[in-house]
Amino acid sequence: MEVLGEPRNFIEEHIEKDLREGRNNQRIHTRFPPEPNGYLHIGHAKSIVLNFGIAEKYNGLCNLRFDDTNPVKENEEYIESIKRDINWLGYEWHETPRYAADYFEQLYEWAVKLVKMGKAYVCDLTPEQIAERRGTPTEPGQESPYRNRSVEENLDLLERMRKGEFPDGKKTLRAKIDMASPNMHLRDPMIYRIIHVDHHRTGDKWCIYPMYDFAHGQSDYLEGITHSLCTLEFEVHRPLYDWFLDQLVEGDYRPQQIEFARLNLTYTIMSKRKLQQLVEDGDVDGWDDPRMPTISGLRRRGYTPAAIRNFAQNVGIAKRENLIDVAVLEHKVREDLNIKAPRYMAVLDPLKVVITNYPEGQIEEMDIINNPEDDSMGSRKIPFSREVYIERKDFMEDPPRKFFRLAPGKEVRLKSAYIIKCEEVIKDEEGNITELHCTYDPETKSGADNAGRKVKGTLHWVSVDHAFKAEVRLYDRLFKDEDPGKNKNNFKESLNPESLKIIKNCMMEPALKDMQLENKMQFQRIGYFCVDHKHSTPGQPVFNQTVPLRDSWSKKSNQQKNQK
RNA sequence: UGCCCGAUGGUGUAAUUGGCAACACGUCUGAUUCUGGUUCAGAAGAGUCCAGGUUCGAACCCUGGUCGGGCAGCCA
């Protein structure tokens with residue numbers, strides 16, 4: 001997947017330097033360490049592509065490790081979804097998935113070791129007291145009165161913590177570092193806390209659980225990780241990451257933490273907590289709602305793994321905060337789908353056209369190319385008859401300049417069929433256009449050489465007698481604000497009420513009836529779509545719009561409007 | 001009034017490590033087109049946060065500012 005070449009970013013440069021210097025015996029071993037407390041999103045995809053991509057590029061390995069040190073938030077459903085999403089993206093982790101929980105025993109032993117070294121102690125302070133004594137970023141903290149308990153007492157207390165003799169929150173194990181450190185994370189950070197909650201892997205075996213800082217670096221160490229890549233907010237944790245390992249392990253091998261900026265995308269949010277809130281409050285149709293920035297949402301929306309991978313590579317890796325235009329993501333799906341997606345005819349807002357000089361009852365099977373970008377995809381037949389539907393907005397009674405579509409007295413080509421001319425506009429009593437009467441030129445059949453006749457516009461259509469009705473869902477951005485995450489408290493205020501548009505009576509060409517779940521296709525002149533795997537039923541597909549085609553006409557006509 | 005990061009077209013990322021700022025998206029022209037898609041050709045748009053300094057030469061090195069982000073969960 002990855003092309004070996006020049007380093008693409010500062011992390012690869014760092015790695016190549018390590019390789020040159022022979023660090024860690026020139027092994028490269030990364031890991032992707034999600035906490036199973038939610039579904040993966042496009043930001044995780046950036047990390048996945050980075051970690052697995054580096055392993056591939058440098059002939060290394062990449063582990064999947066669930067960072068499951070907090071049983072109150074984590075569960076099996078998330079684990080399954082995470083594994084599914086990574087595989088779907090096209091990656092396979094080294095050996096079996098790892099779990100921080102697999103290391104609980106070792107971690108505990110290390111905690112004991114720290115106690116014996118006099119570098120950890122059991123603290124009886126309440127959460128409030130600990131917070132009070134932690135100080136602030138500008139003021140040093142105060143030492144805990146329990147800081148100088150004897151090794152023996154600490155050992156005894158720690159063991160009793162493990163045995164479950166104390167209720168939640170009553171005691172903690174803390175590292176003895178420096179309450180006056182300018183780095184808050186070095187002010188006697190917590191190592192273990194008491195949580196009497198069953199763990200999805202270890203059941204009721206434990207009632208004390210290690211904190212992230214005590215678990216992550218050591219887990220990296222145990223797995224032989226060489227480069228532990230994480231996001232910027234962990235930068236200040238790095239001294240602690242290194243401190244634990246320096247106390248606990250011997251030898252030259254050390255994993256090293258390197259931080260990069262997380263991905264931000266316009267008009268969406270990347271916070272798992274907030275995404276979960278949308279799911280729980282019913283603002284969306286689950287974690288895989290096609291408007292969600294989750295991997296499963298994008299998948300249901302019709303995005304391809306390749307598009308997401310290419311996107312992740314395209315945005316690059318750096319340390320500065322960023323906000324990527326969602327147009328980049330959209331460009332990447334179009335790029336991929338343009339090559340892969342067969343084209344079909346679908347009319348979203350039908351207007352009937354009667355071709356008055358076409359023989360009644362006659363049906364022609366027209367040849368239509370499946371994908372002009374790929375000859376190997378061949379062609380198929382599509383029925384043509386006297387009555388067809390066209391898109392309502394492809395007709396205007398009083399068209400502006402440069403309207404290349406149908407209008408009274410004007411001609412257009414029906415894609416893969418004939419050139420027709422609009423002769424008459426039929427309206428109901430209220431003046432609504434109900435149908436168009438046109439004539440066709442039999443000499444202009446598609447494929448046949450037709451005396452060089454050219455018309456400016458080509459429309460998609462579908463035969464009235466052969467069409468079937470289907471539901472199509474159009475999606476717009478989930479939020480109205482470019483950066484809804486900025487609105488700290490009420491991010492929901494900027495939810496876009498028009499992010500989902502369900503269109504019931506779209507007219508589809510017959511071949512579309514056989515589409516399978518997740519099949520992707522282009523609706524000619526409209527956009528890329530896929531078959532929704534949640535709401536489709538056999539013989540009655542529901543189509544999700546992945547992304548519309550670029551549309552320079554609507555852009556131009558909007559500009560004209562604005563100029564008036 | 002602490003510590004740690006960061007700052008390059010509208011957005012994002014580069015710049016062979018000190019040699020006259022490049023690529024992608026977006027925008028705008030034009031050509032081609034039986035998709036106003038695709039493709040092709042081209043254009044506009046930054047002088048690199050600011051001020052000093054070192055140097056023949058600085059986006060890159062030094063000094064001092066400014067601005068932005070992170071850090072005070074028994075979350076990760």
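Numbered from 1 within each chain, the chains take letters A, B, ... in sequence-line order.
- Regarding the sugar-base torsion, G10(B) falls in the anti class, its angle being beyond 90° of 0.
- Using a 4.0 Å cut-off, some side-chain N or O of Lys454(A) falls inside it from OP1 or OP2 of U33(B).
- Lys402(A) comes within contact range of at least one nucleobase, with a heavy-atom separation under 4.0 Å.
- For the pair Arg380(A) and Tyr344(A), the distance from NZ or CZ to the six-membered ring centre is under 6.0 Å and the angle to the ring normal is within 45 degrees.
- As rounded to whole Å, 15 Å separates atom C1' of A76(B) from atom CD of Gln218(A).
- Judged by distance alone with a 3.5 Å cut-off, a donor-acceptor contact links the side chain of Glu373(A) to the base of G37(B).
- Across the protein-nucleic acid pair, Phe529(A) atom CZ and U35(B) atom C1' stand 13 Å apart, rounded to whole Å.
- Between Gly316(A) and Arg334(A), the residue anchored closer to the 5' end of RNA chain B is Gly316(A), taking for each the nucleotide with the nearest heavy atom.
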- prompt: Starting at the 5' end of RNA chain B, what dot-bracket string do you get if Watson-Crick and G-U pairs under 3.5 Å are bracketed, crossing pairs use [ ], other-strand pairs use | and unpaired bases use dots?
  reply: .((((((..((((.....[..)))).(((((.......))))).....(((((..]....))))))))))).....

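- Counting non-hydrogen atoms under 4.0 angstrom, His237(A) reaches a base of the nucleic acid.
- G36(B) has its base stacked against the ring of Trp553(A), the centroids being under 5.5 angstrom apart at an interplanar angle below 30°.
- Aromatic ring pairs are classed by plane angle as parallel below 30°, tilted from 30° to 60° and perpendicular above 60°; the pair Phe244(A) and Phe214(A) is perpendicular.
- Glycosidic conformation at U17(B) (O4'-C1'-N9-C4 for purines, O4'-C1'-N1-C2 for pyrimidines): syn, within 90° of 0.
- Residue Arg8(A) contributes atom CZ, which lies 14 Å from atom P of U13(B) at whole-angstrom precision.
- Taking atom CG of residue Leu240(A) and atom C1' of nucleotide C4(B), one finds them 14 Å apart after rounding to whole Å.
- Along RNA chain B, the nucleotide nearest Phe404(A) and the nucleotide nearest Glu35(A) are compared for position; the residue whose nucleotide lies closer to the 5' end is Phe404(A).
- Judged purely by atom type and a 3.5 angstrom limit, Arg31(A) uses its side chain to pair as donor or acceptor with the backbone of Leu229(A).
- Across all strands, Arg320(A) comes closer than 4.0 Å to base atoms (heavy-atom distances).
- A cation-pi arrangement is found for Lys171(A) relative to Phe166(A), the charged atom lying closer than 6.0 Å to the ring centre and inside a 45° cone about the ring normal.
- Ile526(A) comes within contact range of no nucleotide atom at all, as no heavy-atom separation falls under 4.0 Å.
- Side-chain atoms of Ser219(A) do not come within 3.5 Å of backbone N or O of Ala100(A) as any donor-acceptor pair.
- Glu13(A) comes within 4.0 angstrom of a base, heavy atoms only.
- Across all strands, Pro372(A) comes closer than 4.0 Å to base atoms (heavy-atom distances).
- Using a 4.0 Å heavy-atom cutoff across all strands shown, Gln522(A) reaches at least one base atom of the nucleic acid.
- G42(B) shows a glycosidic angle more than 90° from 0 and is accordingly assigned anti.
- In this model, the phosphate group of C71(B) is not approached by any side-chain N or O of His185(A) to a distance below 4.0 Å at OP1 or OP2.
- Using the six-membered ring where Trp is involved, Tyr418(A) and Phe384(A) have ring planes that are tilted, between 30° and 60° apart.
- As a whole-Å value, the separation of Glu321(A) CD from C67(B) P is 18 Å.
- Here Thr69(A) lies in heavy-atom contact (under 4.0 Å) with sugar-phosphate atoms only.
- When rounded to the nearest whole Å, the span between CD1 of Ile194(A) and P of G73(B) equals 19 Å.
- Using a 4.0 Å heavy-atom distance criterion, Leu323(A) is classed as a sugar-phosphate-only contact.
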